[in-house]
Structure formats: structure tokens, C-alpha cells
Asks: 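Dumping the structure here so I can ask a few things about it.
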Amino acid sequence: MNRAATLPGDPPGGRRAIAVWSIGVSVYFVAVIFRTSLGVAGLDAAERFHVGASALSTFSILQLLVYAGMQIPVGLLVDRLGTKKVLTIGVLLFTAGQLGFAFSASYGMALASRALLGCGDAMTFISVLRLGTRWFPVRRGPLVAQLAGLAGMAGNLVSTLVIARLLHGVGWTAAFAGSAAAGVLVLVLLLLFLKDHPEGHHPEPFPHRGSAYVRRQIAAAWREPGTRLGLWVHFTTQFPAMVFLLLWGMPFLVQAQGLTRATAGELLTLVVLSNMGAGLIYGQIVARHHTARLPLALGTVAATALAWASVLVYPGAHAPMGLLVVLCVVLGFCGPASMLGFDFARPANPPERQGTASGITNMGGFVASMTTLLAIGILLDATGDNYRIAFAAVFVLQAAGLSQIFRLRKQAARRERERLVASRVETVHVPA
């Protein structure tokens with residue numbers, strides 16, 4: 001890690017880097033508020049649009065489908081256009097989507113609005129990761145990425161605490177339309193103050209931009225075992241918490257566990273708070289001990305599976321509150337664990353492929369979340385709202401992801417060692 005501090009062209013970091021990066025993070029913060037606002041409005045949406053569990057899950061599935069499908073195109077756009085332009089497009093799209101959702105009078109209009117929101121949301125996180133690599137030294141990469149994820153969870157917290165209260169205080173339209181003002185605010189900050197890179201650290205001129213180059217860029221990133229391992233780590237770790245917070249947590253706690261909405265909201269808040277604390281811990285650990293990435297990821301998957309199994313097989317109608325608290329605390333570690341996927345993809349790819357590699361990695365968790373959201377909705381309708389059977393889908397996705405992680409881990413480690421040795425040779429043998 002000390003080597004990273006001496007790499008030629010390493011950005012200096014500092015206060016200006018923090019200020020500029022914070023503007024990008026604020027965009028991601030607002031995007032997550034909009035993304036997760038449906039999680040606290042799931043029951044209200046079912047009543048407003050007169051839909052069942054499968055149709056309700058379609059909101060989040062479509063949003064995540066658009067998000068996942070946009071990841072590689074967005075990665076290529078970030079590599080080509082830079083952070084500021086891509087973030088600007090993203091803000092315009094997700095703000096329009098949130099406004100459209102506020103005024104939706106039909107299920108179809110609401111679906112279209114969530115799709116638009118998902119498209120804009122897809123442009124934020126990869127852009128923020130790229131901004132971090134442009135403004136901070138390489139050795140700060142894991143911590144900067146975790147802090148970006150932490151800001152996202154803060155947005156989730158705002159959604160859980162503020163949007164939920166607005167929804168039940170001022171109503172559907174006022175709550176969602178009012179929240180859209182945050183999109184306008186970050187757009188102004190973005191246009192006025194954000195810069196793609198510090199002075200003297202201009203990226204290399206972008207090469208040929210035709211379709212052949214795009215295919216080569218994607219293929220080169222995919223060939224790296226670290227990129228694929230990053231995708232499967234992200235796939236396996238992120239989705240249990242994402243599914244819980246994005247849609248099914250509130251119905252599960254209220255309908256299956258017999259809690260009030262207020263108590264269920266407090267448990268959702270606990271997931272977010274746990275996530276924020278875990279993000280700081282994971283970021284510090286990986287920044288100091290790079291080899292801790294895989295043990296942290298696998299440990300999180302094991303703890304998540306154990307917590308869910310304990311709740312689902314507990315005898316009796318309802319699990320005790322203590323067990324639900326443990327589940328929510330453990331789910332909080334899923335987000336920071338998913339960020340470890342980028343710590344596998346980042347060292348596996350050169351700077352000109354960072355956006356593309358991040359896009360590939362970021363697809364993992366959202367594909368898993370989309371699949372699980374759909375499976376839970378279908379199983380709930382098929383079993384008469386049997387949440388124990390429906391949430392068993394979590395274990396199927398975890399098993400699929402773990403099989404790929406174990407298959408790729410040795411290849412990725414060997415390739416990373418080879419790149420490390422090569423970079424040391426390049427650093428030492430500088431031409432006179």
C-alpha cells in the first residue's frame with residue numbers, strides 16, 4: 001500500500017479534493033433517497049395503484065433492471081465524457097423520474113417514472129467512484145469508496161426517516177414532489193463547482209471511440225479475473241439488504257412479524273445505521289490489510305445466511321424482537337461488503353478502464369436484487385403470503401454467488417500478484 005503513495009501522477013488529495021468529491025457524493029446521496037423512497041411507500045403504493053405483491057415488486061424490478069442494464073454503458077460514458085457531464089445527465093433524469101412518480105395517477109405511469117429514475121440513478125455511483133480515483137491517492141481508494149457508500153446509506157436513512165413521515169403527513173404527491181427539490185439543489189452545485197480532475201492531472205487523451213474500441217474495452221475488463229470476482233462478490237453480498245430496504249422489509253416486518261409501521265421503520269433505520277458503522281470499519285481494515293477483502297466478504301455472507309435462517313425457522317408465528325434486531329444489524333454489513341467487489345476490480349484494470357470495470361462490477365448486486373425481488377413477489381402470491389418460503393430465495397442466490405467466488409478467487413489473486421510485481425518493476429526502472 002505504501003507503493004501506491006509514490007506512483008507517478010498520483011493525485012494529491014487534500015481539502016480541495018474533499019470539497020469537489022463531496023459535491024459528487026451529494027448527487028449520489030440524493031439519488032439513493034429517490035431510489036429507496038419506494039421502500040417506505042410499498043404498502044401505500046399497493047393501495048394507491050390497486051396492485052398485489054407481484055405487481056408491486058415490478059416497480060423495484062424495473063428500476064433495478066434499468067439500473068443494471070445501464071452499468072456498462074455508463075462506465076464507458078464516464079471513461080469517455082468524464083464525471084461532470086454524466087452526473088448532470090443523471091440528475092436531470094432521476095429528478096424527472098421522482099416528479100413523475102409524485103404525479104402518477106396510474107400504475108403504468110408510475111412504472112415509467114421509476115424506470116426514468118433508475119436510468120438517472122445508474123449514472124451516479126460509478127461517476128463518484130471515478131471522481132475519487134481522479135482526486136485522491138490510490139492508497140485512499142478503499143476508504144474513499146466506502147465513504148461514498150456511507151453517503152448513500154445516509155440517503156437511505158433520510159428516506160426511512162423523512163420521506164416516510166412526509167408520506168403519512170402531507171400525502172403522496174406532496175411528499176414525492178417536495179423531495180424532488182433536492183435534485184434541483186445538487187444540480188446547481190454540480191454545474192457551478194464540480195471539476196473532473198485537479199489541475200495538472202489531466203487524463204490521457206481518449207483513443208479511438210468507435211464500436212470496435214468499445215467492444216475491446218469491455219472484453220479487456222471482463223478478461224481480468226479480478227473484474228469477474230468483483231462482480232460476484234458484489235452479487236453475493238449486496239442483495240439481502242437491498243431487497244429488504246428497497247421493498248420487502250416493511251411488508252415482512254408488518255405483515256409477517258406483526259409489528260407496527262413505526263417499529264418496522266425503526267428496524268429499517270437500524271439496518272442503515274449498522275451499514276454506516278460497518279462502512280467505516282471495513283474501509284479502515286481494507287486500507288491497512290488488503291488481504292482482508294475476501295475473508296470480510298465471505299464472513300458477511302455467512303453471517304447473513306445464519307441470521308436469515310434463524311428468523312425464518314424460528315418456531316412460532318413471530319420471531320422475537322432480539323432476533324429481528326440481530327438480523328437488521330447483520331444486514332447492515334451487506335452494503336460495505338459489496339463495496340469490496342470494487343477493491344478486486346480496481347487493481348485489476350488500468351485507469352482508462354476503471355469506469356467500465358466498475359460498471360461490470362456494479363451490475364452484480366443489482367442483478368441479484370432484481371432476481372430476488374421478483375422471486376419473493378411470485379412466491380408470496382403463490383403461497384398466500386408465506387414469507388418464510390418466499391425469503392428462502394435468499395439462500396439460492398447466495399449459493400450461486402459463492403460458487404463463482406470460490407471458482408475465481410485463486411485466478412484473481414495470482415493475476416493481482418503479477419500486476420503488482422510488474423508495476424514495481426516499472427516504478428523502479430524509470431528511463432533516464
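Since this is a predicted model, take the numbers as computed values, not measurements. Keep in mind that the numbers below use all heavy atoms, side chains included, and drop hydrogens, waters and symmetry copies.
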Asks: Answer whether the closest heavy-atom distance between the side chains of Phe176 and Leu99 falls below 4.5 Å.
Replies: no

Asks: Is the distance between the ring centroids of Trp308 and Phe391 less than 6.0 Å?
Replies: yes

Asks: Nearest 0.5 Å, what's the CD1-OG distance between Ile360 and Ser358?
Replies: 9.5 Å

Asks: Counting C-beta onward and ignoring hydrogens, is there a side-chain heavy-atom pair between Gln255 and Met250 closer than 4.5 Å?
Replies: no

Asks: Less than 6.0 Å separating the ring centroids of Phe342 and Phe125?
Replies: yes

Asks: Taking the side chain as every heavy atom from C-beta outward, state whether Tyr387 and Pro251 have any pair of such atoms under 4.5 Å apart.
Replies: yes

Asks: Please report the C-alpha distance between Glu416 and Arg346 in whole Å, then the side-chain angles of each, then the deciding distance to 0.1 Å, and finally whether the salt bridge (Lys or Arg N to Asp or Glu O under 4.0 Å) criterion is met.
Replies: CA-CA 10 Å; Glu416 191 169 303; Arg346 189 183 303 112; over 6 Å; no

Asks: Shortest non-hydrogen contact from Phe239 to Val394?
Replies: CZ-O, 3.4 Å

Asks: Where do Ser369 and Val243 come nearest, in terms of heavy atoms and distance?
Replies: O-CG2, 3.8 Å

Asks: Without swapping roles, check the side chain of Arg353 against the backbone of Ile218 for a donor-acceptor pair under 3.5 Å.
Replies: no

Asks: Do Phe94 and Val30 come close enough that some side-chain heavy atom pair is under 4.5 Å?
Replies: yes

Asks: Atom CE of Met70 and atom CG of Leu65: how far apart are they, to the nearest 0.5 Å?
Replies: 11.5 Å

Asks: Closer than 3.5 angstrom, by distance alone: can the side chain of Gln71 be matched with the main-chain N or O of Tyr67 as a donor-acceptor pair?
Replies: yes

Asks: Can you check side-chain contact (heavy atoms from CB on, under 4.5 Å) on Leu324 and Leu259, steps first, answer last?
Replies: CA-CA 11 Å; Leu324 294 175; Leu259 303 180; 4.1 Å; yes

Asks: Take a 6.0 Å sphere around CZ of Arg407 and say whether it holds more than 12 heavy atoms from other residues, nucleotides or ligands.
Replies: yes

Asks: Side-chain contact test, heavy atoms from C-beta onward, threshold under 4.5 Å: evaluate it for Phe101 versus Phe59 and give yes or no.
Replies: yes

Asks: What pair of heavy atoms forms the shortest contact from Asp196 to Gly82, and how long is it?
Replies: OD2-CA, 3.7 Å

Asks: Would you confirm whether Asn349, through its side chain, and Ala345, through its main-chain N or O, come within 3.5 Å as a donor-acceptor pair?
Replies: yes

Asks: Determine, step by step, whether Arg130 and Asp79 satisfy the salt bridge (Lys or Arg N to Asp or Glu O under 4.0 Å) criterion, reporting the C-alpha distance in whole Å, the side-chain angles of both residues, the deciding distance to 0.1 Å, and the verdict.
Replies: CA-CA 8 Å; Arg130 176 60 175 265; Asp79 286 338; 2.4 Å; yes

Asks: What is the minimum heavy-atom distance between Val311 and Ala319, and which atoms define it?
Replies: CG1-CB, 4.2 Å

Asks: Measure from the side-chain N and O atoms of His234 to the backbone N and O of Gly341, and report whether any donor-acceptor pair falls under 3.5 Å.
Replies: no

Asks: If you count heavy atoms of other groups shown closer than 6.0 angstrom to NZ of Lys84, is the number above 12?
Replies: yes

Asks: Answer yes when Asp121 and Arg114 have at least one side-chain N-carboxylate O distance shorter than 4.0 Å, and no when they do not.
Replies: no

Asks: Quick one: closest heavy-atom pair of Ala145 and Met339, and the distance?
Replies: O-CE, 2.9 Å

Asks: Could you list the donor-acceptor pairs under 3.5 angstrom formed between side-chain atoms of residues 12-29 and any protein atom two or more places apart in sequence or on another chain?
Replies:
| residue | atom | partner | partner atom | Å |
| --- | --- | --- | --- | --- |
| Ser22 | OG | Ile18 | O | 2.6 |
| Ser26 | OG | Ile23 | O | 2.5 |

Asks: Dump the intermediate steps for side-chain hydrogen bond (donor to acceptor under 3.5 Å, both in side chains) on Gln411 and Arg414, then the final yes or no.
Replies: CA-CA 5 Å; Gln411 299 176 45; Arg414 182 171 59 252; 5.5 Å; no

Asks: Within the 4.5 Å heavy-atom criterion, are Val74 and Asn362 side-chain neighbours or not?
Replies: no

Asks: So Arg293 and Phe344, side-chain contact (heavy atoms from CB on, under 4.5 Å) or not? Walk me through it.
Replies: CA-CA 8 Å; Arg293 293 169 298 172; Phe344 288 102; 3.6 Å; yes

Asks: Show the numbers, then the answer: is there a side-chain hydrogen bond (donor to acceptor under 3.5 Å, both in side chains) between Gln98 and Ser179?
Replies: CA-CA 8 Å; Gln98 188 77 340; Ser179 66; 3.0 Å; yes

Asks: Measure the spacing between CG of Leu129 and OG1 of Thr124 and express it to the nearest 0.5 Å.
Replies: 9.5 Å

Asks: Any non-hydrogen side-chain atom of Gln404 less than 4.5 Å from a side-chain atom of Phe235?
Replies: no

Asks: Mind checking whether Phe395 and Leu312 have side chains closer than 4.5 Å, heavy atoms only?
Replies: yes

Asks: Test side-chain contact (heavy atoms from CB on, under 4.5 Å) on Thr371 and Phe366 and set out the steps.
Replies: CA-CA 8 Å; Thr371 304; Phe366 290 93; over 6 Å; no

Asks: Kindly list each side-chain donor-acceptor pair under 3.5 angstrom involving residues 262-286, sequence neighbours excluded, with atom names and distances?
Replies:
| residue | atom | partner | partner atom | Å |
| --- | --- | --- | --- | --- |
| Thr263 | OG1 | Thr260 | OG1 | 3.0 |
| Thr269 | OG1 | Gly265 | O | 2.8 |
| Ser274 | OG | Val329 | O | 2.6 |
| Asn275 | ND2 | Gly332 | O | 3.4 |
| Tyr282 | OH | Thr300 | OG1 | 2.8 |
| Gln284 | OE1 | Arg288 | NH1 | 2.3 |

Asks: Quick check for you: to the nearest 0.5 Å, what is the distance between Leu298 atom CG and Thr236 atom OG1?
Replies: 9.0 Å

Asks: Show your reasoning for whether side-chain contact (heavy atoms from CB on, under 4.5 Å) applies to Cys334 and Thr304.
Replies: CA-CA 8 Å; Cys334 291; Thr304 304; 3.5 Å; yes

Asks: What's the separation between atom CE in Met123 and atom CG in Leu93, rounded to the nearest 0.5 Å?
Replies: 5.5 Å

Asks: Between Val367 and Ala68, what is the shortest heavy-atom contact and its length?
Replies: CG2-CB, 4.0 Å

Asks: Keeping the roles fixed (side chain from Thr237, backbone from Ala297), state whether a donor-acceptor pair exists under 3.5 Å.
Replies: no

Asks: To the closest 0.5 Å, what do you measure between OG1 (Thr361) and CD1 (Ile72)?
Replies: 10.0 Å

